[in-house]
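Below, chains carry the letters A, B, ... as their sequence lines are ordered, and counting in each starts from 1. These numbers come from the heavy atoms of this one structure, side chains and all, not from hydrogens, waters or symmetry mates. None of these values were measured; they are calculated from a predicted model.
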Number of protein chains: 2
Amino acid sequence: MATSKKKSDTGLADSIAPGNVTAKDLSNMLGIAQSSVSRAFTPDSRISDELRQRIIALADEVGYRPNAIARSLNTKSSGIVALVMGDITNPFYPEVLEAFSYRLQKEGKQLLLFVVPPGRQADDVMPQVLQYQIDAVIVTSAHMSSRTADMCCRRGIPVIFLNRRVKNNSVWSVCCNNARMGESVADYLVERGYRRCAFIAGAANTSTSSDRRRGFVKALGRHGLTLAASLDGHYTYEGGYAAAHALFRNQKNDVDALFCANDIMALGALDYLKHVAKLAVPHDVAVVGFDDIRAAAFPAYNLTTVRQPTQEMIDVTMRLLAEGAPPDQAGKALHEVGGQLITRGTA
Amino acid sequence: MATSKKKSDTGLADSIAPGNVTAKDLSNMLGIAQSSVSRAFTPDSRISDELRQRIIALADEVGYRPNAIARSLNTKSSGIVALVMGDITNPFYPEVLEAFSYRLQKEGKQLLLFVVPPGRQADDVMPQVLQYQIDAVIVTSAHMSSRTADMCCRRGIPVIFLNRRVKNNSVWSVCCNNARMGESVADYLVERGYRRCAFIAGAANTSTSSDRRRGFVKALGRHGLTLAASLDGHYTYEGGYAAAHALFRNQKNDVDALFCANDIMALGALDYLKHVAKLAVPHDVAVVGFDDIRAAAFPAYNLTTVRQPTQEMIDVTMRLLAEGAPPDQAGKALHEVGGQLITRGTA
DNA sequence: ATGAAAGCGCTAACAT
DNA sequence: ATGTTAGCGCTTTCAT
């Protein structure tokens, strides 16, 4: 029981009080240079296979792993990607989050998450985020000022907007072809005989909502129609519900189809129409959403919607990250990937 | 326009090429010691108010913020809390995530998120996580071996299981009073006249599911009843749907009430019962869930369920983190907070 | 109260 | 291929 109580003294780590073995400890135990230990954990570094094996073996035995913080300090890259997300209440975003997490894990990167509270901006959290030598910032469903985006850019931190188009051309945007899909929805509804089509918008000022609306209106125009109504549903369930309420409370028949800028609003609208207004969907009124969240396929809703190509959007995002280049001034800062109309029971 | 192009040369940071101003730069500009800059950003440190003001003022002007990575390196604490989450598909967990994120933001801490893919364990990601000098690990809805938990503990990293009870007494558990609420559900169903009650379990081996079941069975026993059936629904929508299908496909009337170990299974069961089996809920069969996710209140489901006190659970978790102490050997490693039965239309 | 100097644990030149 | 030596940007003694 004569276990020595010395610590970091002889350089031989006590096997009884492990926890934080360092590269120095390891090198002492093996009688080699500390830098060799570092090399053993650096791919493509000049070190003999034999030495690397010995180092790794001992490392496994004593539970050594390089300290990522120390590494980050001199490489100036932490291996951490920040994801700034508003509106996590919308089930679409947890789906994005899940996919993103898997993707980053595969690349050995970490995911630092910020949920932006309703009514606040991504800007508020950025100063904090930037203290961590983040490799990149992905902003989704949240607003960030050009000023802040530029600040990141100047620090060499790429900023990518996912599911938001942004004017600022020091950042990338990755989106679904929203306007085009808006057109598809209009074409589909008109083809099915609907003529008095309304639009339930998401949050004001969001490109996704206005792009979808623009395409929708444009295609209606091609059929000689105009928008029967347009309300703001704030991208929330409650907003969709309230919009449907506003449109149908008087049983007036001005509207026979509802295109909602996202699914969660569509669910809210459906719940009002079916359970409160007691209308028959799609007979009395059709409803179409956008995103194709999981619940859209539940029998209770069975929602016709536009599927966002989440996986492809993330693939593009990761590719942009890997390239690391900021968008060229020329302008092509927007990447669009194609959505798909999924027809179910509501339209 | 004679802006000098020198950089980090005289020590005077160029105002045209900022990005990474360091404490050293700042101290040079002010003709003071770098350690004073550090002190200016350290609460309760010995520095005159006057000097601190000057430093902060300049820092704001040039956009200096202390490098969190460098700070972490010598304080050995990164200000980052890791959240390891399985099953993000269950809407309950995004709700937890949101609340947790807000809470950590309030304390100035960062949230590192890991989503554990289905079929894998939290153990797989822990070695990676530990490289980052994490302040604590919260595990929710995922399994982690005692071995891994002990490893964290030995490194001085507190591990807290949220919504999972665990035998290992080097970690804390924070749960709802699951067994008690299971009893409440049974009492409620029996009181409403249901006699042939089935249980749809979550993932096998999870304490939450078995605790809820145990309480449920116990209370049924008090009323002289036994469990009419018990199936595994794996805590998923599809699992709940499949379980209901298995129980009701033959229109046999062995069961008149279903207690599902979580809400998302209950939604699956409800969708099958109402839209496929065309049964009347709650007339033909009652359904009760657990969690009180947002969708439980949607008119399409209107689910009677047990509300988990998410906020309180997180409060307790944060308090444990602040205290930092590992559970005392004596055993009281489990914190239970009270749930609440929310009666709606399905039972 | 402030300055000087020694690390935190690693990576990245340099040597050899 | 390996060892030696400087840092990365801070915090923290230790002086003064």
Side-chain angles (χ1 to χ4, degrees), chain A residues 7-9 11 13 18-56 59 62-80 130-135 155-156, chain B residues 7-8 11 13 18-55 59 62-79 130-134 155-156:
Chain A
K7 172 124 181 36
S8 305
D9 194 7
N20 279 324
V21 190
T22 72
K24 188 84 198 117
D25 294 335
L26 227 61
S27 68
N28 287 150
M29 298 165 83
L30 290 169
I32 60 175
Q34 178 268 323
S35 52
S36 291
V37 175
S38 172
R39 285 190 265 255
F41 286 90
T42 309
D44 313 318
S45 62
R46 297 193 201 91
I47 187 177
S48 64
D49 267 5
E50 183 265 337
L51 182 53
R52 173 174 267 144
Q53 300 309 336
R54 275 171 55 207
I55 295 175
I56 301 283
V62 302
Y64 168 79
R65 304 225 70 190
N67 181 322
I69 297 286
R71 170 180 292 176
S72 308
L73 187 56
N74 35 32
T75 61
K76 291 165 168 333
S77 143
S78 60
I80 299 178
L130 292 183
Q131 292 187 272
Y132 282 85
Q133 307 270 57
I134 295 300
D135 288 358
R155 295 203 183 197
Chain B
K7 171 129 180 40
S8 301
N20 280 322
V21 191
T22 71
K24 188 85 199 118
D25 295 335
L26 227 62
S27 67
N28 287 151
M29 299 166 81
L30 290 169
I32 60 175
Q34 178 267 323
S35 50
S36 291
V37 176
S38 171
R39 286 190 263 255
F41 286 91
T42 308
D44 313 318
S45 61
R46 297 193 199 87
I47 187 176
S48 64
D49 267 6
E50 183 266 336
L51 182 53
R52 172 174 269 144
Q53 301 307 337
R54 275 172 55 209
I55 295 174
V62 301
Y64 167 80
R65 304 223 69 190
N67 181 323
I69 297 287
R71 169 180 290 176
S72 308
L73 187 56
N74 35 34
T75 61
K76 292 168 167 332
S77 144
S78 59
L130 292 184
Q131 292 187 270
Y132 282 85
Q133 307 270 56
I134 295 300
R155 296 202 182 199

*Grab the two heavy atoms, one from B/Leu73 and one from A/Ala70, that are nearest each other, plus how far apart they are.*
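Scanning both residues, the minimum pair turns out to be CD1-CB, 3.6 Å.
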Quick one, [X] and [Y] - any side-chain contact, counting heavy atoms below 4.5 Å?
{"X": "B/Arg39", "Y": "B/Leu51", "answer": "no"}
{"X": "B/Thr22", "Y": "B/Asn67", "answer": "no"}
{"X": "B/Arg71", "Y": "B/Pro66", "answer": "yes"}
{"X": "B/Leu130", "Y": "B/Arg155", "answer": "yes"}

Using whole Å, what does the distance between atom [atom2] of nucleotide [N] and atom [atom1] of [X] come to?
{"X": "A/Arg46", "N": "C/dT16", "atom1": "CZ", "atom2": "P", "value": "16 Å"}
{"X": "B/Ile32", "N": "C/dA5", "atom1": "CD1", "atom2": "C1'", "value": "17 Å"}
{"X": "A/Ile47", "N": "C/dA12", "atom1": "CD1", "atom2": "P", "value": "14 Å"}

*Please answer whether the main-chain N or O of A/Ser78 pairs with a side-chain N or O of B/Tyr132 as donor and acceptor at a distance below 3.5 Å.*
yes
*What is the bend of the helix from C/dA1-D/dT16 to C/dT16-D/dA1 when you compare the axis at one end with the axis at the other, using five pairs each and rounding to 10°?*
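Inter-axis angle at the ends, rounded: 40°.
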_So if I define the base as every atom that isn't primed, P, OP1 or OP2, how would nucleotides 8-16 of chain D read as a B/S/- string at a heavy-atom cutoff under 4.0 Å?_
BBBBBB---
*Mind running side-chain contact (heavy atoms from CB on, under 4.5 Å) on B/Ile55 and B/Ile47 for me, showing each step along the way?*
CA-CA 11 Å; B/Ile55 295 174; B/Ile47 187 176; 4.2 Å; yes
*Nearest-0.5 Å distance that lies between atom CD in A/Gln133 and atom CD1 in A/Ile69*: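 Taking CD in A/Gln133 and CD1 in A/Ile69, the distance rounds to 10.0 Å.
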